[in-house]
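This report concerns only the one structure given below.
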Amino acid sequence: MIGMIFILSYCLVALVRIIMQLPGNDRKKFFISLVTPKTMAKNIRDIFCDCLFHVKLWKRNKLLGYMHSSIAFGWFMLIVVGHIEVLLYTPHRAKLLYFPIFFRYFVAETEETMRGAFFFFLMDFFLLMVLSGIFLAMFKRIQSGVFGMRRTTNPSFLDLIGLYSLWAIFPLRLLAEGFTADISGGSFLTKSLNYVLHSFLSDHANMLPAWWAYSCALGIFLIVLPFTRYMHIPAEILLIPLRNAGIKIRNARKGLAKAEVYACPSCGLCIDACPMGVMKTHIKDTTVYLNRQIRRNNERRIEEISDKCLLCGKCTAICPVGVEGDKLRIAQRSLRKYAINQDYSGIDTDQLHVKGEKVMYFAGCMTALTPAISKAMESLLRKAGVSYSFMDRDGGICCGRPMLMAGRFDQARQMVEKNTEIIKASGADTLLLSCPICYRIFREKYRLEGIRIIHHTEYIAELIRQGRLSMDKGYTKYVFHDPCELGRGCGVYEEPREVLSYAGELVEATKNRKESICCGGSLGSLTLGFDKRKSMTENALANLTEASPDVIATACPLCRSTFVRYADRPVEDIAEIIDRNCI
Amino acid sequence: MKENILIIGGGIAGLEAAAQLFRLGYNPIIVEKEDHLGGHVAGWNRLFPDMSPAEDLVARLTEAAGEANIFLNTRIAFVNKLKDSYNIMLTNGISVITRILLFATGFSLFDASKKEEYGYGVYDKVMTNRDLENWFNTGQDERIPEEGPRAMGFVHCVGSRDEKAKNPQCSKVCCITAVKQAIEMKQKFPDAMVYCFYMDLRMFGKKYEDFYISAQRDYGVRFIRGRVSEVSENIEGNLVVKAEDTLSGKPIKVTLDLLVLMSGIVCNQEICKSAAQLSLPMDSDGFLKSRDNVADIIESPKEGIFYAGACTGPKTVPETLAEARSAALEIHNYIISSRK
């Protein structure tokens, strides 16, 4: 009872605090979204799918999905059916919150309740379901591999208390109900347990300690809940409508960021996903540990973990509750104070103005360092008869994404403004990019109304479809490496594959698309050295070459130059491959 | 019977050691993978600081080592360790039993196409230091027009002192090589503008500093302190080179019609296999590990295996020759002491 009141008031206060921490317009947006029928329906659907049925986990691993949904949905149904019982049989008690939980203790079996055998059956059924889930959870502690998880999180002390009390609740409930089944009634599980118990323990006085133990376990669980990973249960219910309202992280510790941190169930799926995980020493730099450190306000570790990350976004992509590990880290980085803050407002864009063609090609810094790509791209544009202008042939301004990744929003904004000026003055209607790092910030942060922003893989696919480039299909086997910024970052998965299939045979990497492994060269990390990155690159290469392709194809100049260093076979950009194979 | 000594590599270190060992009364056997002796030096034109022809040096060394057994176009197939000696099978079918091995395997030149931003293999007017030496020797290279380049640049430290290129070591000889080649180009084409893009100029050797000052004063070579950031090609096919002049603190951009990349020295990748067969350790710089980097640079941690020259790190020609001689002497002492 105390536990219940405590947890409800705690959640309420937390809820109000998080909502109050949202900036004014976001809060307004949130409340409007709550009453908009479309998002309301989506909220309810998402809460059911994610919190109760754990659809995402089912997709990952059936056992893992069953374990979670049996506990969550089973428990939920126990509460629902319990309430129905109370409403039906003892309506005058329905106002008492604790009554349904201990219903069997208070109610003696009468003629009336016997007719409710259906509900009793349901109760026992769901109890069995929860118990099976708990059993799986115990098994998972020993053998996480069966659940598709190579490594799991190391639980903290309070987490362990929460864990053991959660494990204890339902077996104790079974025991307690077993003792009272002959008085209060029961069904296949509790009744039969009752017979077994009575064969050697016939004293009803035994039931009191059992009920006490059950209620203690429940109480402990509810009291420690806010301080353990189980806080994700209430936090996720808040996170879903916040996310559906389209709210973004605006403060490193408050508002949505806080909701995400608390919604982290510490499941540790991100540990296996993290490309740094190839080295054991980096396990504690994964998102789950970041969330734990943020909850503990351990600033030193927060900084270390945030700076080390490659920002590949894979933990975000696979997170079952939708914690945005990459954005959370960028937000932490933005707290940093620098002694020198570069000022780019003095850059004279007049010298950089490009006039003329409708299609404007922006190669970006990374392509400038891999001239083979821009050369191939120009050759392709000429072959297709596209008249284009080359925005940064003679030097240009960085797109701003590296500064954004470093959390230096003001510097990034200045570059965005300068580039916007140049692009708008050029009169172009299409902006073509060969670097996914640029592509992402152009899509997300630039306001270029009326100008189409397109990545070169999409553009090449279009040119081939329109017949402006004709391909000579060869027998070379290609594997496509999904660059983080293009795939997870911008959701472009199909066009590169389509383009490659025009050039030759396409094979797939073991982990691809959303689960593609970062090449290790990412600009995202501020502190990782080359020696550390090397093992990540080698791991990513091993994943790519499983189907023994002849050529590793990618669509990012940075991935390309990273792979070239360690690959045992050619690594090429899609533009180079198409340029070679088109007639 | 004369003691067999197997020398792996017929470059200047191998030749010099063979000549010395022969004079000491042993039977040196040189195994060379190429079809000629002299290694990298044989492909060079003139040697700093006195501009002496490399050809003469190689000819002299070859003549001195003439009495040794020399197998060209031959590699080591496999090695069997016997009780106190090695049975070495060569790819030409001959097997050698010896107690003593001398690694004179030298170095490989860093593959400049790995530094993609400099455009080697992508742009038509980019070459390496070796390509330029080859042109000095043969006069044949499409990249260099007959009337000479109007403006050309040398990029120092390509694939050396570069963590990204997996080689953080200084290659030692490229600074002076670049200065030498810059002077040679100026001698051939006095009207050409010649730039050197450098990080530091490491003029440590005899008369190197004089050479450098002469390049500035007498030849007007322009030295720009700063790394080249990127190279692009303009419409005429000339190269636009961007760099930072760190002395004036300004970014600079020059248009060149020839760019020479000073490829650094990396360990000869082929010898890694032979070294692994003999379980010889590699040092953290990627070269063979000596017993002691101060006192015993020519000795391996293994009994009877010796090193000479650039297999233990970048070295100049005189340093290599001196090491070859001291390795010969060390082998001699080893044999005498083991006979007792």
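Naming convention: chains lettered A, B, ... in sequence-line order (proteins, then strands); numbering from 1 in each chain.
Residues Cys519(A) and Cys559(A) share a closest heavy-atom pair of SG-CA, 3.6 Å. For Val416(A) against Cys399(A), the heavy-atom pair with the smallest separation is CG2-O, 4.0 Å. Considering all non-hydrogen atoms of both residues, Leu380(A) and Ala575(A) come closest at CD1-O, 3.7 Å.
The side-chain heavy atoms of Ile76(B) and Met89(B), taken from C-beta on, include no pair separated by under 4.5 Å.
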Polar contacts chain A-chain B (donor-acceptor, d < 3.5 Å, no H, no angle):
unit_1: Leu369(A); atom_1: O; unit_2: Glu117(B); atom_2: N; d: 3.1
unit_1: Lys375(A); atom_1: NZ; unit_2: Val122(B); atom_2: O; d: 2.6
unit_1: Arg560(A); atom_1: NH1; unit_2: Glu116(B); atom_2: OE1; d: 2.1
unit_1: Arg560(A); atom_1: NH1; unit_2: Glu116(B); atom_2: OE2; d: 2.8
unit_1: Arg560(A); atom_1: NH2; unit_2: Glu116(B); atom_2: OE1; d: 2.9
unit_1: Arg565(A); atom_1: O; unit_2: Lys166(B); atom_2: NZ; d: 3.2
unit_1: Arg565(A); atom_1: NE; unit_2: Lys164(B); atom_2: O; d: 3.1

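A search for side-chain hydrogen bond (donor to acceptor under 3.5 Å, both in side chains) contacts involving Ser345(A) returns Asp343(A), not counting sequence neighbours.
Aromatic ring orientation, Phe563(A) versus His481(A): perpendicular (interplanar angle above 60°, classes split at 30° and 60°).
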